[in-house]
Protein chains: 2
Amino acid sequence: MRKTGRPTMIDVAADAGVSLKTVSRVVNGESGVDPAMIERVRASVARLGYHRNSLAASLRSGNRDTIGFIAADLSNTFYMAVAAAVSQVATRERMHVVMASSEEDADLERTLALDMCQRQVGGLIVVPTAADHSYLAREVELGTPVVFLDRPGSGIPADAILLDNRGGARDAVAELLAAGHRRIAVLLDAPSIYTMAERREGVRDAFAAAGRALDPALVVEGLHTPADARDAMERLLDSADPPTAVFGTNNRLTIGALETILPRGADVAIAGFDDFELSRLLPRRIRLVDYDVADLGARATETLLARGADPATGSHTQLVPTRLVDRGGVR
Amino acid sequence: MRKTGRPTMIDVAADAGVSLKTVSRVVNGESGVDPAMIERVRASVARLGYHRNSLAASLRSGNRDTIGFIAADLSNTFYMAVAAAVSQVATRERMHVVMASSEEDADLERTLALDMCQRQVGGLIVVPTAADHSYLAREVELGTPVVFLDRPGSGIPADAILLDNRGGARDAVAELLAAGHRRIAVLLDAPSIYTMAERREGVRDAFAAAGRALDPALVVEGLHTPADARDAMERLLDSADPPTAVFGTNNRLTIGALETILPRGADVAIAGFDDFELSRLLPRRIRLVDYDVADLGARATETLLARGADPATGSHTQLVPTRLVDRGGVR
DNA sequence: TTGAAAGCGCTAACAG
DNA sequence: CTGTTAGCGCTTTCAA
């Protein structure tokens with residue numbers, strides 16, 4: 001007797017009076033089955049309300065039809081948008097996606113990644129938080145491809161899909177410099193975060209190209225939240241020699257800066273990395289480094305699936321381009 | 001010989017010179033194993049790089065450790081935020097989450113839901129698009145609980161977690177009425193969408209309570225995108241007898257209305273259902289119906305898990321409260 | 001074209 | 001405390 005009430009292929013076979021294998025053939029749409037048999041099996045499937053147990057099928061066949069996605073922080077709209085794109089491509093390719101957020105915690109990332117490998121995912125898309133990913137070396141070696149997204153990983157051969165962080169930051173700051181600004185404040189999160197380091201380099205590039213020097217007093221690091229950025233901006237504006245422009249190196253920091261600048265009506269030009277909802281409706285003109293988030297997620301997924309099909313070739317890093325957009329200025 | 005290169009419990013057992021069952025005990029942390037044996041098995045596990053195949057474990061034990069989440073539209077920030085909350089609670093409870101978006105397509109919803117059932121999910125959280133969910137009746141009956149989120153489902157016994165759509169809309173419009181507005185425009189998506197119908201009723205409630213009648217000419221339905229709302233707002237403002245206030249029944253429609261109102265500097269009071277990023281930074285005062293999105297997702301997940309533990313009791317609908325917030329008015 | 005047997009990797013049930 | 005046996009539901013292999 002069955003434990004669970006769910007009918008199995010054996011039940012269908014018995015009901016239809018055919019062998020187990022014939023049911024399997026019909027259920028999987030294999031060719032070379034007598035039409036009359038197909039009909040009989042179909043009828044039994046419908047009568048019993050049979051659904052194939054794809055876990056059992058995967059176990060036996062070794063086919064993996066799930067991909068894992070580990071975001072650094074799913075509460076960030078950026079990663080949520082990436083997740084949506086991953087899910088969309090996966091659905092199109094008839095794959096499932098299991099998702100989780102590492103909350104920027106290296107230990108949790110490791111736990112989640114290994115958990116997903118135990119669940120036999122066919123591949124892993126990871127926004128890396130851990131410094132070293134050799135804990136995944138064994139899995140990669142055994143045929144579970146890994147693609148890093150937004151930040152490069154280390155310790156294993158894996159493809160990476162990154163933004164052109166440096167180029168985007170450079171372009172934004174170059175435009176501020178071209179507009180005549182010299183005292184440009186730069187708001188940064190922790191410099192240990194890859195994207196922050198890259199964007200800071202981009203700022204340096206722009207200053208170097210303009211033959212100017214960045215005032216270190218205007219570079220504020222370690223800002224995690226919009227509130228942090230808001231407070232930092234207050235201090236900058238209240239200082240003896242305030243900036244005439246500010247560059248927020250991510251959306252949260254740019255928004256925090258706006259929370260100070262707009263209510264005060266401060267005369268500061270604003271630029272930032274990442275576009276955000278409603279940027280068009282801001283009362284001030286703002287220059288933003290924009291890019292196609294969905295493209296980032298889609299490319300990662302496509303790269304992963306291609307890698308699953310062909311594990312041989314060496315790993316590559318793809319750079320998703322950025323472009324400067326002009327937003328705001330309403331009223 | 002093994003097909004895949006992955007070591008199995010049998011390999012570990014052979015390496016450690018113990019039985020399969022002993023390995024199983026150690027790997028699963030069961031009590032009552034000799035410390036010396038535990039050590040031996042641990043050593044072999046480490047040496048071989050063994051990881052338990054949890055698919056096989058699930059197949060045998062019947063334990064389900066994955067929950068499915070089907071959003072109506074993952075590109076909508078609202079559902080993305082819900083998804084993040086679902087994922088967070090699931091991770092806390094040591095569950096995996098598989099996610100997908102039905103793209104508001106009833107057939108796709110059905111396909112995705114049944115696919116997930118075939119993958120043996122322990123439960124399903126669905127933002128329903130289909131009119132009838134009796135296609136899931138069999139699964140519910142066989143012990144896969146379903147929780148509907150944001151919209152009620154029909155055709156199966158299932159819990160539902162909904163917003164107080166009607167009360168929220170009523171409160172917002174009541175405040176516009178109290179402020180003296182009589183000609184209040186209402187922007188709606190398709191009235192076939194549950195939340196739209198509810199919110200429209202809430203608007204009616206507010207007018208009825210004030211002893212006023214809503215002008216049907218100011219109620220615009222079938223608006224899907226911000227651009228639709230923007231255009232509708234243009235027409236309303238250009239009409240012979242324009243509104244003095246507008247209520248957007250979701251974030252996209254409110255934003256679309258703003259895209260017309262702000263650049264024109266139109267003298268129209270604004271209220272809307274759903275808060276959105278940056279609402280605080282708007283140059284105009286705006287009243288919004290806010291609620292705790294994370295709570296919505298968390299409750300759904302907790303309800304699902306509780307239901308998995310106790311399938312007996314009757315199904316319930318929970319209403320997540322809303323509150324009116326005052327935003328904008330910067331500069 | 002159809003079927004019988006074996007076994008994917010693991011846990012349950014029962015001995016010892 | 002440890003081991004043996006069976007079998008979860010399916011696909012693979014090979015024979016008819």
Over 12 non-hydrogen atoms of neighbours within 6.0 angstrom of CZ in A:R151: yes
Nearest-angstrom distance from the residue atom CD of B:Q120 to C1' of C:dC10: 15 Å
5' priority, DNA chain D, between B:A56 and B:P35 [closest heavy atom]: B:P35
Closest to side chain of A:R25, choosing from C:dG9, C:dG3, D:dT11: C:dG3
Spacing of B:I10 atom CD1 relative to C:dG9 atom C1', expressed in whole Å: 7 Å
Short side-chain N/O contact to C:dT2 OP1/OP2 from A:T22, under 4.0 Å: no
Below 4.0 Å: OP1/OP2 of D:dC8 and any side-chain N or O of A:N53: no
Integer-rounded Å distance: C:dA6 P and A:L59 CG: 18 Å
Touch class at under 4.0 angstrom, heavy-atom based, for B:L20 against every strand present: base
Given C:dT1, C:dA4, D:dG9, the nucleotide with the shortest approach to the side chain of A:K21: C:dA4
Nearest-Å distance for atom pair CZ/C1', residues A:R60 and D:dG9: 11 Å
Passing option when B:L149 is tested against B:I125, B:T303, B:D159 for side chain to side chain contact (heavy atoms under 4.5 Å, CB included): B:I125
Under 4.0 angstrom between B:S19 side-chain N/O and D:dG3 OP1 or OP2: yes
side-chain hydrogen bond (donor to acceptor under 3.5 Å, both in side chains) between B:N53 and A:R119, intermediate numbers included: CA-CA 6 Å; B:N53 181 332; A:R119 296 277 319 168; over 6 Å; no
Most 5' of B:G32 and A:S24 on DNA chain D, judged by nearest nucleotide: B:G32
Sugar-phosphate only, base, or nothing, as touched by A:R52 at under 4.0 Å among non-hydrogen atoms: sugar-phosphate
Selected nucleotide, minimal atom distance to B:V18 side chain, candidates D:dG3, D:dA6, D:dT12: D:dG3
Given C:dG9, D:dG9, C:dT2, the nucleotide with the shortest approach to the side chain of A:M37: C:dT2
Spacing between B:Y50 atom OH and C:dC10 atom C1', to the nearest angstrom: 7 Å
Distance in angstrom units between A:M9 CE and D:dT11 C1', rounded: 8 Å
Nucleotide nearest A:V33 (side chain, heavy atoms from C-beta), chosen from C:dT2, C:dT11, D:dT2: C:dT2
Distance, rounded to the nearest Å, where B:D11 contributes CG and C:dG7 contributes P: 15 Å
Distance-only side-chain donor-acceptor flag, A:R110 / A:T129, under 3.5 Å: no
Closest heavy-atom pair and its distance - A:L114, A:L136: CD2-CD2, 4.4 Å
Pairing of A:R47 and A:D15 as salt bridge, 4.0 angstrom limit: yes
Spacing of B:L48 atom CG relative to C:dG9 atom P, expressed in whole Å: 14 Å
N/O donor-acceptor pair, side chain A:R6 with base D:dG9, under 3.5 angstrom: no
